[in-house]
Amino acid sequence: MENLLYIAALIAAVAFAVLVIYLAKVLKATQRTMSNVADTLEGLEKQMEGITIETTALLNKTNKLAEDINEKSQKMNTLFEGIKGIGQTVQEFNQSLKTLSSSVASSAEQNKNATAQAMKWGNVALDLWNKRKRKETE
């Protein structure tokens, strides 16, 4: 019976030794994995640093571009306001021309008989003057 106890103790000791060996292997593998993970994270940190710098530069360029667009937009607004003023001036000028044209047409309509009479008298006066000139030259 005592032998059985020694055999059991020996089996337990061997099993414990095997367990320790496998546990040591697992811990070594875990250590290598953790070392690889640490190296990977270090590389990732360096890459993120580069990305952060590039992102900051891109953000600065974007802000400058937005300011430039805003300035040019303000200048365009001024230009469009000037063009609008020119359009209003042209429209007012056209309205004035229409009013003047209507006024001239109305006056011509009212004075058409007098104008025709004046044209006839003007033609008669020219004819007389031309006859007189011919007589003087002869």
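Heavy atoms only: backbone and side chains are in, while hydrogens, waters and symmetry mates are out.
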A.B. asks: How would you list, by chain and number, every residue that makes a side chain to side chain contact (heavy atoms under 4.5 Å, CB included) with Leu100, sequence neighbours excluded?
C.D. replies: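 Once residues adjacent in sequence are excluded, the partners of Leu100 under the side chain to side chain contact (heavy atoms under 4.5 Å, CB included) criterion are Val104.
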
A.B. asks: Tell me the salt bridge (Lys or Arg N to Asp or Glu O under 4.0 Å) pairs involving residues 10-35, sequence neighbours left out?
C.D. replies: none

A.B. asks: Can you tell me how far apart CG (Leu58) and CD1 (Ile53) are? Round to the nearest 0.5 Å.
C.D. replies: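 Reported value, rounded in 0.5 Å steps: 13.5 Å.
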
A.B. asks: Measure the NZ-CG distance between Lys131 and Asp127 for me, rounded to the nearest 0.5 Å.
C.D. replies: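 It comes to 6.5 Å.
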
A.B. asks: Side-chain atoms of residues 75-96: list all donor-acceptor pairs with protein atoms under 3.5 Å, sequence neighbours left out, distances to 0.1 Å.
C.D. replies:
{"from": "Thr78", "atom 1": "OG1", "to": "Gln74", "atom 2": "O", "distance (Å)": "3.1"}
{"from": "Thr89", "atom 1": "OG1", "to": "Gly85", "atom 2": "O", "distance (Å)": "2.9"}
{"from": "Ser96", "atom 1": "OG", "to": "Glu92", "atom 2": "O", "distance (Å)": "3.1"}

A.B. asks: Only pairs at least two apart or in different chains count here, so list each salt bridge (Lys or Arg N to Asp or Glu O under 4.0 Å) that has a residue in residues 48-74.
C.D. replies: Asp68-Lys72

A.B. asks: I'd like to know if the side chain of Ser73 reaches the main chain of Ile69, judged simply by a donor and an acceptor atom lying under 3.5 Å from each other, with no hydrogens or angles considered.
C.D. replies: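 Looks like no, no N/O pair under 3.5 Å.
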
A.B. asks: Could you list who else is in Val20's hydrophobic cluster, with ILVMFWY side chains joined at under 4.5 Å, directly or through other members?
C.D. replies: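 Via sub-4.5 Å side-chain contacts, Val20 links to Phe16.
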
A.B. asks: With clusters defined by side-chain heavy atoms of hydrophobic residues (ILVMFWY) lying less than 4.5 Å apart, directly or transitively, does Val37 cluster with Met48?
C.D. replies: yes

A.B. asks: Rounded at 0.5 Å granularity, tell me how far CG in Asn123 sits from CG in Leu128.
C.D. replies: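 One finds 11.0 Å between CG of Asn123 and CG of Leu128.
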
A.B. asks: Does Ser103 use its side chain to pair, donor to acceptor, with the backbone of Thr99 at less than 3.5 Å?
C.D. replies: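 Checked: no pair found.
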
A.B. asks: Could you give the side-chain donor-acceptor pairs of residues 2-9 under 3.5 Å, partners two or more places apart or in another chain?
C.D. replies:
none

A.B. asks: Decide whether Leu41 and Ile51 are clustered together by the hydrophobic rule: side chain heavy atoms of Ile, Leu, Val, Met, Phe, Trp, Tyr closer than 4.5 Å, transitively.
C.D. replies: yes

